[in-house]
2 protein chains.
Amino acid sequence: MTPPVFAHGSLRLYLLALLEERPRHGYELIQALSDRFGGTYSPSAGTIYPRLSKLEEEGLVSKSTDGRKTVYEITDAGRAELDARRGELDGIENEVTDSVRRLADGVRAEVNGAMRSLRAELASAAREAKRSATKAPASASGGTSSTGWGGDARAESSRAVHEIDLVLSEFRQQLRTDLRTHASHGRVTPESVTLLRARLAQVRADVMATLTDH
Amino acid sequence: MTPPVFAHGSLRLYLLALLEERPRHGYELIQALSDRFGGTYSPSAGTIYPRLSKLEEEGLVSKSTDGRKTVYEITDAGRAELDARRGELDGIENEVTDSVRRLADGVRAEVNGAMRSLRAELASAAREAKRSATKAPASASGGTSSTGWGGDARAESSRAVHEIDLVLSEFRQQLRTDLRTHASHGRVTPESVTLLRARLAQVRADVMATLTDH
DNA sequence: ATCGCACACGCGATATATCGCGTCACAGAC
DNA sequence: GTCTGTGACGCGATATATCGCGTGTGCGAT
């Protein structure tokens with residue numbers, strides 16, 4: 001039901017990036033992630049610790065105990081891995097931001113539903129007024145996707161896809177900055193939105209044309 | 001903040017009573033308590049484990065490890081203590097039930113409050129959707145000031161910015177999916193990247209123009 | 001009687017680690 | 001080219017343990 005916030009290799013890389021800033025222990029990383037993504041998303045311990053274990057097993061981080069804390073530090077191998085994939089990082093940040101926003105929207109809807117059932121339950125409880133009932137939560141997961149790599153003949157294609165990702169990322173960043181600037185003095189009208197939507201649809205069609213035309 | 005559910009010696013005794021039924025491990029006790037009191041109240045690990053340690057220290061329960069679980073069993077001394085204070089148990093059960101009820105009322109109030117603000121937010125979102133999507137047949141006249149909240153223009157601008165964010169997000173998602181599909185059979189050339197870059201720059205310029213043109 | 005204060009207690013926050021489910025990507029089978 | 005299984009992965013649930021804050025309780029001093 002709730003789609004994962006981090007795509008397949010993303011958490012691994014992001015953790016490495018956080019540890020590059022400075023050594024941290026597990027709980028600290030959980031908080032750091034929670035902070036960076038508005039508190040709406042908090043990675044669970046079951047997400048962080050297995051990943052850290054894996055990273056240590058791979059030799060990308062080293063572990064050392066400090067009282068009841070377990071401090072993780074990035075190794076040279078870790079820094080190398082990070083350097084090699086530095087470009088993916090900003091893409092990940094944007095992706096996660098998107099996921100979190102979708103998640104927040106989902107939560108809003110869920111709360112609506114939960115409220116309905118709660119109201120029903122309270123009404124029922126008032127009617128009976130002597131017996132109690134039990135409740136049960138729920139959970140699941142879903143999915144998104146992202147970067148693909150690894151071929152040989154398709155290397156160029158992959159590179160191109162990845163670069164498009166970067167271009168998109170940059171474009172979004174720029175437009176956001178532009179809008180923030182102009183929104184403070186002067187205003188952004190719905191017409192801008194409409195225009196943007198139309199133009200992007202056109203761009204998409206044109207780009208697709210270059211793909212199918214050969 | 002929230003008043004304790006269990007009065008001073010109550011948890012200790014209740015734990016003993018639960019262990020008299022059968023040996024249990026810590027987490028099991030947490031769940032048992034959560035079950036008995038309607039799920040509204042879940043004692044935290046920080047409540048249970050120190051108490052269990054204390055009980056063991058006093059020799060009222062004995063501890064034994066089973067895999068990653070720590071099973072607690074009542075001792076003769078524990079049964080003696082329980083027999084001596086059997087009378088208090090009913091009182092405790094009632095007391096706790098009352099506490100939980102009060103707590104549930106508090107939650108209900110809180111949720112109600114949260115719902116109010118949520119409703120407001122949803123209403124706002126609905127207004128936004130209506131304003132930008134529908135080209136409203138009549139009704140909407142010019143006068144934005146006087147009644148209603150001040151800074152309507154600012155709010156509209158903010159809403160527009162948010163929506164642009166959505167459009168960007170969606171666009172990126174779509175393009176990524178498109179590329180993914182076409183990248184498997186057929187390929188993505190650097191020309192597509194170049195084209196995309198150029199077209200996006202143009203779009204950005206055009207959108208910016210709608211902002212400064214007024 | 002009552003004042004006050006050490007001590008026990010309840011509990012959320014802090015901290016760590018594993019298990020099992022569902023999903024996704026990738027490789028090899030076809 | 002499509003189908004498939006399998007392994008890695010994200011993540012909630014399970015499981016345990018400690019720290020520190022606020023409060024209530026009981027006892028000795030007043």
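Since this is a predicted model, take the numbers as computed values, not measurements. Every chain is numbered from 1 and lettered A, B, ... according to where its sequence line falls, protein lines coming before strand lines.
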- On DNA chain D, check which nucleotide each of B/Pro4 and B/Lys69 is closest to and give me the residue with the more 5' one. B/Lys69
For [N], does either OP1 or OP2 sit under 4.0 Å from a side-chain N or O belonging to [X]?
X: A/Tyr27; N: C/dT14; result: yes
X: A/Lys54; N: D/dC9; result: yes
X: B/His8; N: C/dA8; result: no
X: A/Tyr41; N: D/dC11; result: yes

Nearest-Å distance, [atom1] ([X]) to [atom2] ([N])?
X: B/Leu29; N: D/dA17; atom1: CG; atom2: C1'; answer: 15 Å
X: A/Leu13; N: D/dG10; atom1: CG; atom2: P; answer: 11 Å
X: B/Arg51; N: C/dC11; atom1: CZ; atom2: C1'; answer: 10 Å
X: A/Leu15; N: D/dC11; atom1: CG; atom2: P; answer: 11 Å
X: A/Leu33; N: D/dC11; atom1: CG; atom2: P; answer: 10 Å
X: B/Asp66; N: D/dA15; atom1: CG; atom2: P; answer: 11 Å
X: B/Tyr49; N: C/dG12; atom1: OH; atom2: C1'; answer: 15 Å
X: A/Ile30; N: D/dC11; atom1: CD1; atom2: P; answer: 12 Å

- Task: Step through the shown structure and confirm whether more than 12 heavy atoms of other residues, nucleotides or ligands are within 6.0 Å of CZ on B/Arg85.
- Result: yes
- What heavy-atom pair brings B/Ser34 and B/Pro43 nearest, and what distance separates the two atoms? N-CD, 4.3 Å
- What one should report as the nearest heavy-atom pair of A/Pro4 and A/Ser99 is O-OG, 4.4 Å
- Check: D/dT16 base within 3.5 Å donor-acceptor of B/Arg68 side chain: no
- Message: Any donor-acceptor pair, under 3.5 Å, between the side chain of A/Ser44 and the base of D/dG12, if you only look at N and O atoms?
- Response: yes
So [X], base contact, sugar-phosphate only, or nothing? Heavy-atom distance under 4.0 Å.
X: A/Gly26; answer: sugar-phosphate
X: B/Phe6; answer: sugar-phosphate
X: A/Pro43; answer: nothing
X: A/Thr70; answer: sugar-phosphate

- B/Leu11 side-chain proximity, nearest of C/dG10, C/dA17, C/dT18: C/dG10
- Where does the angle between the aromatic ring planes of B/Tyr14 and B/Phe37 fall among parallel (under 30°), tilted (30 to 60°) and perpendicular (over 60°)? tilted
- Item | Worked check of side-chain contact (heavy atoms from CB on, under 4.5 Å) between A/Ile48 and A/Leu33 | CA-CA 10 Å; A/Ile48 300 302; A/Leu33 284 166; 3.8 Å; yes
- Query: Hey, which of these two, A/Gln31 or A/Gly46, hits DNA chain C nearer its 5' end, going by closest nucleotide?
  - Reply: A/Gln31
- For B/Arg12 and B/Ala45, take the nucleotide of DNA chain C holding the closest heavy atom to each; which residue's nucleotide lies nearer the 5' end? B/Arg12
- Item | CA sep, side-chain torsions, deciding dist, call: A/Leu19, A/Arg24, side-chain contact (heavy atoms from CB on, under 4.5 Å) | CA-CA 6 Å; A/Leu19 288 178; A/Arg24 288 171 150 107; 4.0 Å; yes
